[in-house]
Amino acid sequence: VRDKAVFEQFLSGKNILVTGAGGTIGGELSRQIAEFAPKQLVLLESSEFALYQIEREVLARKPDFPVIPVLCDIRDAASVAKVFAQMKPEIVF
């Protein structure tokens with residue numbers, strides 16, 4: 001329980017971006033991060049179907065949650081820079 005408080009303090013109210021959000025690790029991070037009430041959760045994923053799935057899953061658990069799906073390949077530096085400029089994440093996973 002003590003660790004939960006630490007994570008809540010770290011994540012709560014922050015703009016958070018998860019790369020590879022539709023993958024196994026990114027998806028699990030996204031699901032868990034949503035429980036700590038971030039200001040918004042940006043899901044960055046290169047697979048349109050995987051992005052759709054994780055967005056639906058997070059919203060099924062928390063319908064009014066501020067989740068922003070972004071279709072983007074992390075290897076495309078210009079696109080990633082544009083996402084960072086627009087979304088202004090404070091924490092990136």
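- Few gaps surround CZ on Phe65; more than 12 heavy atoms of other groups in view lie less than 6.0 Å from it.
- Under the 4.5 Å side-chain heavy-atom criterion for grouping Ile, Leu, Val, Met, Phe, Trp and Tyr, Phe93 is not connected to Val70 through any hydrophobic cluster.
- Between the side chain of Glu8 and the main chain of Phe36, no donor-acceptor pair closer than 3.5 Å is present.
- Following chains of ILVMFWY side-chain contacts shorter than 4.5 Å, one can reach Ile91 starting from Ile33, so the two form part of one hydrophobic cluster.
- For Glu48, the CD atom sits in a loose shell: 12 or fewer heavy atoms of surrounding residues, nucleotides or ligands are nearer than 6.0 Å.
- A heavy-atom distance below 4.5 Å is not found between the side chains of Val80 and Arg75.
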Using the rule given for side chain to side chain contact (heavy atoms under 4.5 Å, CB included), can you reason through Ile54 versus Arg31, listing the C-alpha separation, both sets of side-chain angles and the distance that settles it, and then say yes or no?
CA-CA 8 Å; Ile54 191 61; Arg31 287 186 285 277; 3.4 Å; yes
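- Residues Leu17 and Val83 are in side-chain contact: their nearest non-hydrogen atoms beyond the backbone lie under 4.5 Å apart.
- When the shell of 6.0 Å around CD1 of Ile25 is examined, it contains 12 or fewer heavy atoms from other residues, nucleotides or ligands.
- Judged by distance alone, the side chain of Glu90 and the main-chain N or O of Lys14 form no donor-acceptor pair under 3.5 Å.
- Leu59 and Leu44 are not part of a single hydrophobic cluster, where members link through side-chain heavy atoms under 4.5 Å apart.
- Side-chain atoms of Ser46 never come within 3.5 Å of backbone atoms of Leu71 as a donor-acceptor pair (strictly under, hydrogens ignored).
- Note on Val92 and Phe10: separate hydrophobic clusters, where clusters join Ile, Leu, Val, Met, Phe, Trp and Tyr whose side-chain heavy atoms are under 4.5 Å apart, directly or indirectly.
- Rounding to the nearest 0.5 angstrom, the gap separating the CZ atom in Arg56 from the CG atom in Leu51 is 10.0 Å.
- Note on Leu43: it does not cluster hydrophobically with Ile74, by side-chain heavy-atom contacts below 4.5 Å among ILVMFWY residues.
- Between Leu41 and Ser30, the closest side-chain pair of non-hydrogen atoms falls below 4.5 Å.
- Pro38 and Ile16 get closest at one heavy-atom pair: CB-CD1, 3.6 Å.
- Interatomic distance, Glu35 CD to Lys4 NZ, rounded to the nearest 0.5 Å: 7.5 Å.
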Test side chain to side chain contact (heavy atoms under 4.5 Å, CB included) applied to Met87 and Asn15, step by step
CA-CA 8 Å; Met87 300 300 161; Asn15 290 331; over 6 Å; no
